[in-house]
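Whatever order the structure lists them in is the order used to number ligands and atoms, beginning at 1.
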Amino acid sequence: MSISRATPLRVAVLASGRGSNLQAVIDAIEAGQAQAQIVAVISNKKDAVALERARKHGLTDSFVDPKPFAGRPDSREAYDRSLLEILQQHDVELVLLAGYMKIVTAVLVNAYADRMMNIHPSLLPSFPGLDVQKKAIDWGCKLAGCTVHFVTEGVDEGPIIIQAAVPVFDDDTSETLAARILVQEHKIYPLAVQLFAEGRLRVDGRRVLIEDAKPGSQAIISPV
Ligand code: GRF
């Protein structure tokens with residue numbers, strides 16, 4: 001049984017760049033497709049487009065400069081402690097990494113265990129890390145895709161919540177494949193938020209069990 005929420009889920013988004021996934025979540029919330037509210041958008045980049053998007057929608061945005069923390073032996077943890085303070089001030093229940101180009105430490109991972117998600121443009125566990133669309137093409141993959149997963153300390157390693165697959169075409173470049181994958185990212189990230197808001201996700205070791213999930217019925221065969 002899914003939980004019907006009395007109040008919208010309180011979400012924070014951490015983003016470093018253009019923020020198209022942030023936008024997809026904003027749009028889903030505004031369209032009533034996700035029972036959530038974004039209570040904080042935080043970036044490590046002052047000029048991140050994601051922050052502009054937040055402001056445009058009247059959301060609270062924060063730039064947390066990593067520079068003052070640099071040089072300390074615990075610089076990454078200290079940075080995350082300052083993020084954690086902001087998250088706690090806003091009573092954040094779910095944290096979304098959306099193009100957040102900084103590795104999160106145990107400080108955040110432990111505070112938000114099973115309550116922090118990331119979106120990654122590959123079918124994990126294939127191709128963690130960077131430049132993954134190029135890696136999928138170079139490897140000769142016929143299918144590529146994207147993954148929403150819970151965040152653990154290992155980069156792109158946490159339990160998988162949702163994946164979407166797309167075909168890889170012979171004439172694909174990293175850019176054309178990334179664009180095809182991005183369309184799916186914008187669908188599955190809001191969906192993962194809504195599943196969380198409904199209380200339908202249960203982490204069981206490496207697996208995320210989804211209450212009342214309907215498995216996709218169509219096989220994706222590429223090429224046909
Ligand atoms: C997306 O491809 C996401 O999967 C990856 O970084 C990119 C961020 O894009 N983690 P955007 O900033 O959400 O547009």
Next on the checklist: Students should be able to answer this: which protein heavy-atom is nearest to atom 9 (O) of ligand 1, and at what distance?
Outcome noted: R18 NH2, 3.2 Å
Item to check | Nearest protein heavy atom with distance in Å, relative to atom 10 (N) of ligand 1 | outcome: I119 O, 2.9 Å
Item to check | 4.0 Å heavy-atom contact, A15 with ligand 1 | outcome: no
Next on the checklist: Nearest 0.5 angstrom please: T105 OG1 to R81 CZ, how far?
Outcome noted: 8.0 Å
Checklist outcome for this item: shortest atom 8 (C) of ligand 1-to-protein heavy-atom contact is with G99 CA, 3.5 Å
Item to check | Test side chain to side chain contact (heavy atoms under 4.5 Å, CB included) applied to K56 and R53, step by step | outcome: CA-CA 5 Å; K56 212 175 276 176; R53 292 184 194 263; 5.6 Å; no
Item to check | Heavy-atom pair of closest approach, residues S122 and T147 | outcome: O-OG1, 2.7 Å
Next on the checklist: To check your reading of the model: name the closest protein heavy atom to atom 12 (O) of ligand 1, its residue, and the distance in Å.
Outcome noted: G19 N, 2.9 Å
Checklist outcome for this item: Residue, atom and distance of the protein heavy atom nearest atom 4 (O) of ligand 1 read E185 OE1, 2.7 Å
Checklist entry - So does K135 pair up with D131, basic N to acidic O under 4.0 Å? => result no
Item to check | Inter-residue atom distance L97.CG - I119.CD1, 0.5 Å rounding | outcome: 11.0 Å
